[in-house]
Amino acid sequence: MMKTILKTPKMMLRRRKNEKIIRLFDHCSDEIMSSVSSSLKDGFGQFSIDAILETPGLTERMRNSKIRTLPTDGGRVYFSWDIPNFIWDAVLNSKTLYNIVSDYIGPDVRLDDIYVKNVADGYNATAEGWHNDNVGYRLKLFMVFDTDGLPSATVVRPHQRPNLYSVNYKEEFFRTLKSKDMESYPDEITVDYKPGDCLFFDTNLQHRGSYHAGNGTRYCVIAEFIDRNKSDALRGKAPCGPKQGKGTIKISANLEKVIDNPIIDPNILSISGDKIYYGVK
Ligand SMILES: [Fe+2]
């Protein structure tokens, strides 16, 4: 408890500094964003994996691949940045996906990270309380390719843009007390998952995982999309960038599909032999 309290002023200071950077970039994004054409009204939308990635049968293929796995050591979460080639191809080829993310974030949007996160219930207690991810506008795409039992749901409070980020002192306070804000709000939407569903939402919205709602496992690939200039400005200050800002990930796709792809930021791309890396070492 004492340790948490002592860490709080440092964390607050960091959040205050990041707030300035985030608001600067997000304000620009608000100026250029075309609210009429955005299919993510209020920062939130539910789709199907196969439709958004323009690949019929993709969910089925994901379900039958090696990414449908759980930790062997009995842990509750399986993380992996080893994304199979067929998923990379779909992400890089889909015009639907690109149109949604560029309409919402702006022309400087980039794919910022992509990973497998398979979660058995009871995993992340802190994400059970209302929070935002403290990076301002950023889209996360949750591709739920399979479920076991009744997995936990996600609860979000949709909100129209502009919705400029500011430090959530209520959440910080709750965290210091090792407590969680789990109040119910009339505008909240609970999203349950069945295989093949995907949820797109802006992690700047207040959201929470409802981990006790279910008793099952969610097999999911998560892709993140953010303004590349903002992500670079937040490097080392917030978990942005490939591998959550902690290194590079391997893109397993043909080079010609990667080079000049508008969703890929060439400034963080490196090629070594026949391998393509994405991120900052
Ligand atoms: Fe979150």
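In this chain, residues are counted from 1 in sequence order.
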Residue pairs passing the side-chain hydrogen bond (donor to acceptor under 3.5 Å, both in side chains) test with at least one member in residues 49-66, sequence neighbours excluded, are D50-T59, E54-T96, E60-R63, E60-N64, K66-D82
With sequence neighbours left out, the residues meeting side-chain contact (heavy atoms from CB on, under 4.5 Å) with K275 are K250, Y277
CD1 of I249 to CD of Q244, rounded to nearest 0.5 Å, is 10.0 Å
Sequence neighbours excluded, the answer for salt bridge (Lys or Arg N to Asp or Glu O under 4.0 Å) partners of E183 is K170
If you count the non-hydrogen atoms of other residues, nucleotides and ligands that lie under 6.0 Å from CG in D260, is the total more than 12?
no
In short, salt bridge (Lys or Arg N to Asp or Glu O under 4.0 Å) pairs touching residues 233-246 with sequence neighbours left out are D232-R235
By side chain to side chain donor-acceptor pair (under 3.5 Å), E171 pairs with (sequence neighbours left out) R175
Across all chains, not counting sequence neighbours, the salt bridge (Lys or Arg N to Asp or Glu O under 4.0 Å) partners of E19 are R16
Q) Hey, are N134 and Y165 close enough side-chain-wise for a donor-acceptor pair under 3.5 Å? A) yes
Sequence neighbours excluded, the answer for side chain to side chain donor-acceptor pair (under 3.5 Å) partners of D30 is Y137, R161
Problem set entry | Check: D133/H207 side-chain N/O donor and acceptor closer than 3.5 Å | yes
Here the gap from I105 atom CD1 to S231 atom OG, rounded to the nearest 0.5 Å, amounts to 11.0 Å
Applying side-chain contact (heavy atoms from CB on, under 4.5 Å) to P71 and not counting sequence neighbours gives D73, Y78
Sorted by chain and residue number, the ring-ring contact (aromatic ring centres under 6.0 Å, His included) partners of W81 (sequence neighbours excluded) come out as F79, Y115
Sorted by chain and residue number, the ring-ring contact (aromatic ring centres under 6.0 Å, His included) partners of Y98 (sequence neighbours excluded) come out as none
The salt bridge (Lys or Arg N to Asp or Glu O under 4.0 Å) partners of R228 (sequence neighbours excluded) come to D265
ring-ring contact (aromatic ring centres under 6.0 Å, His included) filter on Y185, not counting sequence neighbours, yields W130
